[in-house]
Structure formats: C-alpha cells, structure tokens
Amino acid sequence: MVSERAESLRSAQVLVPLLTLPALIGALWLAMWPQDAYGGRALLVIGAVLATWYLLGGAISLRHLMRAIALRRDLRRVHAEMMGHEGAAMAVDPDGLVLAQNEASRRRFGDLTGRSIQALLARRHADPDAAWRHIGIGLEDGRRNLLQPLDDAGDHSIRRVSASGLQLWLAVTESAPPAPVALTRPQAEDFDMLPVALLQLDVSGIIHRANRAARDMLGEDLVGQPLAMLLDGLGRGLAGWIADVGSGRMQGGAEVLHTRGEGPERFVQVTLARGQGDAVTAVLSDASALKTLEAQFVQSQKMQAIGQLAGGIAHDFNNLLTAITGHCDLLMLRHDKADPDYADLDQISQNANRAAALVRQLLAFSRKQTLKPQLMDLRDTLSDLTHLLNRLVGERIVLTFDHDPHLRMIRADRRQFEQVIMDLVVNARDAMPQGGDIRIVTDNLHLEAGAEIGRASLPAGDYVRIQVQDQGCGIAPDDLAKIFDPFFTTKRMGEGTGLGLSTAYGIVKQTGGYIFCDSTLGEGSCFTLFFPAHDRLADSVTQECPAPVQMRSRLEADATVLLVEDEAPVRAFASRALKLQGLNVLEASCAEEALTLLSDQSLAVDVFVTDVVMPGMDGPSWVRSALAQRPDTRVIFMSGYAEDIFCEGREPIPGAAFLAKPFSLSDLTALVCRQLEQAPAAARSGRCDQSV
C-alpha cells in the first residue's frame, strides 16, 4: 500500500504542471488582449475544471485513506492470532497483496510481504487468476471459511475479517482444525442415500467411496478398485484424465464410456469435478438409451444416403435399359422367328429384362418403385406360388404351409409380395445345405395396445402375420443387426449380391408392413412379416390383373405426338416406335424447346409424351403451362423413378397416364393409342392410369 500511495503522489506531481498550463495560457491571453472577452471566459472555465478535478482527487484520496485505516485496524486485530498460529499464517488485502506473515509462513514460502498471493496459487493451479476469483466469489457468497491447498503445505483456511475485505489465511494443523464450513460435507448416510450415482476418487483413479446408486449401476465391490477396470472407451488412459482434473490442469468434463466385463454392453456418462484436496468426484448416469438413439439416427442417415444413391443409379440405368430394349424390339420387328439372328436378339431382350429386375430391386430398397397394390388372399397367392417355390428349394427340403382358415386379406403389390416370399425361401434353402424343413405359417393377429419388437413399434390394430421358418445354421448376433443393410451378405464371394433382404425390407415398408428376424445359431431362423389386415369386399371379390398390352395396328387417322426426352437414345427409340404406328412425331430435348414449339398456335398436338426429370424445367411444370393454352391435349409421363415422385406436394394432372422405364415398344405404342382413344373431356376429368 505504501508503494501504491507513493506512485499516486508521483503521478499527481506530474499532472499538476499540465493542469495549470491552460490557466497560464488564459492569463497571458487576458494580459495581451484585455478587451477580448474570450480570455475571461477561458479563465472561468479552466478554474471550474481545476476545482472539480481537485475535489474529485480529494474524494479518491479520502476513500483510499479510509480504506487504509480500516485495513490497518483489522490487521492489528488479527495480528496476535496470526503470530500465535502454529502453522503458516498470512494477512492478504482485497487486491491479493500479502500485508503480513508469521515466522512459519516465512520459513515455508519466503518473504511475501508486498507481493501478490497469486504467485503461491500458481504453484497449484494452471489459472491462478481464476482461482483467486473463485476465492472472492466464495467469500462473497457468505461462507465463513474456505479451504485452499497451497503447494505441499496442505490446506489453508481462508476467512474474511471484516467489511474492509482483509483475508486471514491460516494453515490447517491437526491440533488446530479449521472452523466449520458453512456448506458442510454430507454425512455418510446422506451420501449413500443420494439418488444420483456418485464416486469419490483419488488422483490415481482409485475408488474411495461409492454410494448405493453407483453400486447398483457398476456392482457392489467398488471401493479400492481403479475406475479404469470398470469403464473404458475414452480413447486415452482414464487414469490420466482423472489425474488432470484432480491436479487442476484441466476443468472437469463429461464423457460417455461403456462398461467392461461380461453381460450386455451398457453406456455410462461420467462427469468429473475436482473436490477438496486431491479428491475427485465422479457423477454417473446411464447413457445406454442415448447411445441406442444415436446409433438409430446414424443408421437411418446411412440408409437414407444409400437409398438416394440407389434411386439415382436406378434412374440412370432405366434410361439405358429403355434404349437397349427399345432398339432390340425395333430389330426384332425386322426379323422373322426363323431368322438365325432372332435368337440372339431374344437373348439380348431377356438379359435386359433381367437387368431391369435388378434395377427394380434397387428401387424397392430405396422405396421409389411403382407399386400396384391390390387386395390379396394369401392362401390363393401362396398356393399359386407353391410350384415355383418347390422348384427353388430342391428335393432335399420339404416346404409346408400352415394357414389360418379364417385368414383375412392384405393389400399389397402381388408381384412384389411374391418376390419377398421367394427371397426369404431362397435364404432359408441356402441356410440348410444338407436339407430340412421350411414352414410358412399365416395367421391373424389383434393388438389391443402397441407392441415393441426390436427397435420398431407396432401400433394397435389388426394384422396378418406371415412367418417363414427354417432349421438352418442360424445367424450370428453380430450379423443379425445388419442383415437388412444393402450389399451385406454372409455368403461367399460370387454367391450373393446382398440385395435380397434389403429389397424385401424396402418392399414390406413401402407396403406399410413390418419385417423382423429371430435367429439362434445352430437352430434356425424365423422371418416374421406383419401387414395391416383388410376385409374382403363384397362387390370386388377378385381383382383381375390387366391383360398384357399387345402391339396395335397402325392408326388410320393422323395424330401428332410431342415427344420430350433429354436422353437422345431413348428419344430416338420412342420416336421411331411412334412413327411405325403412323403418328406424326415432334421431338424436343428439353421443356424449354417444347414450349417454343407450342408457341406456334397453328400447330395441332394431340398427345404430350414427356420425361419427368429433366435439366431445367421438369415435365409436370411445362405440361401445366402448356395445358393452359391447350386443355384438350392428352398427357403421358415417363420416368425411371416411381410415379408419385412428381405428385408429391402438387395436384395431379387430370387424365395423365404414367409409363415406367424401362418400357418396351409395345408398352409405349399401346399407351399412346389408349390415350388417343379417350375423349378430351374424359381426359381432363379422369384419374391417372398405370401402365404395365
């Protein structure tokens, strides 16, 4: 304080000439120009400023003087206690300067009088300024005593003497324990009954105390064990993290670890905080549900990304396959079946159809395929499929069916549902190379309340359950969670694509159903499918499949088709196919080019045949714009995606038909002819048709 006052006095001596300089200038001004009123005003202003300055300086000096008197009075009051203390003792002012020490403190720390206490705090704390602020906050909160460790000298009890802010630091000794702390440490009974799992550790990570909640979470025998033997997963040594927190090198934090040992894996969130001395307190909470939710979120993101990739690949492949199959159909029209080249063309067509089936699997996985749902009686459907399934399983495997006599109906795409059953039966066959039994069981199920099966929740309602059971080798638990992932397979290289079960999953989910798998190694597997149950309609007991489209003869009346397709090979094939039917064809590679052609009002167009996804303006957008001027024109949309990709969020175009890629020559021409046969009014008010 003496040095502080001396520094203030020196600063005042330097400032006095600077403050009086304006007064001298004003006096000289008045002496030289006595008739000028500005000199007198300047003297008055300067005088007022100087008076205010000296009054302010006097108030500050008085405040410092009163504070110094209060500190000196409080220092005399605690001087006897400080000098008579057995251990180290110091008196510290509110700014952290050491005012006095006893002999034990000088022997321990050296002469600190006039120096900052933060020099001692820096020996134990990485941030001594933060430690000093915490001490001040603790004393401001009303705590009469605080414990603060200083190097190897042990804890020091800190208390504020009076309103002057003087602090008395006394080393804690065995003969002179510190006064009780306002916030006392909880008793053993209170610690054990706390509802939060708590551990007390030393800096090496050894557990010294554990309450009941912690023992219920990690086991009974915790005291004396290293925490690193119970939990891991930090990425570095758990003992190192605890030591850093205990020594003050880093602030406490939270980490999610998993339990060691046998049994199901559990995740525990551990939050560390530095306690008194070298003790570290750990707060534990069960994070298993949080980690499960995180895993589900990551899995859903992965599946969504793969689904988008699969859908994009399928769209591009469908364009390629449309061009291949279309030009193959054109070649087959010019060759008779007796022609030697016809067999080769037929092989190209069949392999293109196989490729189209693989693309449909990708679309089924990404849930972007076009389904034609209908009410089905599973007993009839599976009966029709029995012959094909028996050929698939071979002679060593016995395939049996067990149907509920009162089985209700389901609504699904028959062809896709048959694909799901065939995939499940083929997987069951491959799991039993030595033969066995495969049972397909169907029954009705009523759920009064929702049911949790695996990670899915089945809402309450009526379901039709289908089970495909085998006696095969079973599926390992680690693989069971990944069997519906795309391209995942347990078969050897070249024996499977890994798309079968993922395709089945996509078809079932797109239909509104659920699929699960239960398996035990060495005992077999059971795939269970749930579909919402439907009642048989009296007026539509059967729903016949549409008859296959046939190649029609050339049209007698002239008609004009505007063909809009950005893929040149697809556009070339479609144009030739329509011209073979006697139609006039106008071609456009984009929507903007089509609208330019339609700007000629003298041009008559009967049918728009357009792709859905194109660069620039898409198909539905330009068609809506064109129909405003030509409302009687029929519309056909083509796409390698599902039909509803251009209906989501927008009103459907009345009377528009949809043609899924890849399509054949007969599919295209038959649909165009069917649209031309409709009356214009019907085309405007009808609903969307579906091609085969």
Side-chain angles (χ1 to χ4, degrees), residues 317-339 341-360 363 369-370 372 413-415 544-565 567-587 606-612 634-643 655-678 683 688-692:
F317 264 88
N318 277 331
N319 279 326
L320 296 174
L321 291 174
T322 301
I324 293 172
T325 57
H327 286 90
C328 183
D329 289 344
L330 292 173
L331 287 173
M332 293 176 74
L333 289 177
R334 299 202 299 265
H335 291 75
D336 189 77
K337 290 187 178 181
D339 194 318
D341 293 335
Y342 190 88
D344 295 333
L345 294 174
D346 187 53
Q347 283 292 323
I348 294 174
S349 179
Q350 290 183 17
N351 283 280
N353 289 332
R354 291 179 57 191
L358 182 61
V359 173
R360 282 194 297 270
L363 286 173
Q369 63 178 341
T370 301
K372 303 178 182 66
D413 185 302
R414 183 185 181 96
R415 184 182 63 180
E544 296 182 357
C545 295
V549 293
Q550 301 294 334
M551 185 69 182
R552 303 194 178 194
S553 59
R554 293 173 59 90
L555 295 174
E556 296 180 0
D558 289 336
T560 302
V561 177
L562 176 56
L563 176 63
V564 185
E565 170 62 60
E567 290 286 340
V570 178
R571 188 172 66 250
F573 148 65
S575 177
R576 288 182 58 189
L578 294 174
K579 288 177 180 178
L580 287 175
Q581 288 296 105
L583 299 169
N584 299 320
V585 180
L586 302 174
E587 299 182 29
D606 300 284
V607 181
F608 296 150
V609 179
T610 177
D611 193 12
V612 175
R634 289 77 163 180
V635 181
I636 296 176
F637 288 110
M638 307 179 296
S639 180
Y641 289 117
E643 178 182 2
F658 180 77
L659 184 61
K661 295 178 181 179
F663 52 82
S664 64
L665 184 148
S666 59
D667 293 336
L668 174 62
T669 56
L671 187 56
V672 171
C673 292
R674 188 159 65 241
Q675 285 292 89
L676 286 172
E677 291 171 357
Q678 293 181 357
C688 271
D689 294 329
Q690 296 262 353
S691 72
V692 292

Would you give the length of the straight line joining atom [atom1] of [X] to atom [atom2] of [Y], rounded to the nearest 0.5 angstrom?
X      : Y      : atom1 : atom2 : result
Ile348 : Met332 : CD1   : CE    : 9.5 Å
Leu586 : Asn584 : CG    : CG    : 7.5 Å
Leu671 : Ser666 : CG    : OG    : 11.0 Å
Phe663 : Asp329 : CZ    : CG    : 10.5 Å
Cys673 : Leu583 : SG    : CG    : 6.5 Å

Looking only at heavy atoms, which two atoms of [X] and [Y] are closest? And how far apart?
X      : Y      : value
Ala577 : Leu668 : CB-CD2, 4.3 Å
Phe658 : Ser639 : CE1-CB, 3.8 Å
Phe573 : Gly326 : CE1-CA, 3.1 Å
Gly655 : Gln675 : O-NE2, 3.1 Å

Has the side chain of Asp606 got a donor or acceptor atom that lies under 3.5 Å from a matching backbone atom of Ala559?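 No, Asp606 side chain to Ala559 backbone: no donor-acceptor pair under 3.5 Å.
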Check the pair Phe608, Ile636 against side-chain contact (heavy atoms from CB on, under 4.5 Å), reporting the backbone distance first and the verdict last. CA-CA 6 Å; Phe608 296 150; Ile636 296 176; over 6 Å; no
Candidate pair Met638 and Val609, rule side-chain contact (heavy atoms from CB on, under 4.5 Å), full reasoning: CA-CA 7 Å; Met638 307 179 296; Val609 179; 3.8 Å; yes
With sequence neighbours excluded, what pairs up with Leu331 under the side chain to side chain contact (heavy atoms under 4.5 Å, CB included) test?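 Applying side chain to side chain contact (heavy atoms under 4.5 Å, CB included) to Leu331 gives Arg334, Leu345.
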For a quick check under 3.5 Å, do Thr669 and Gln581 share a side-chain donor-acceptor pair by atom type?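 No, no side-chain donor-acceptor pair sits under 3.5 Å.
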Taking side chain to side chain contact (heavy atoms under 4.5 Å, CB included) as the criterion, tell me which of Leu563, Asp611, Val585 meets it with Arg571.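 Passing option: Leu563.
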Identify, with sequence neighbours excluded, every residue that meets side-chain hydrogen bond (donor to acceptor under 3.5 Å, both in side chains) alongside Glu567.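 So Glu567 forms no side-chain hydrogen bond (donor to acceptor under 3.5 Å, both in side chains) with any residue.
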Can you sort out the partners of Asp346 under side-chain hydrogen bond (donor to acceptor under 3.5 Å, both in side chains), two or more places apart, ordered by chain and number?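 Here the qualifying residues are Gln350.
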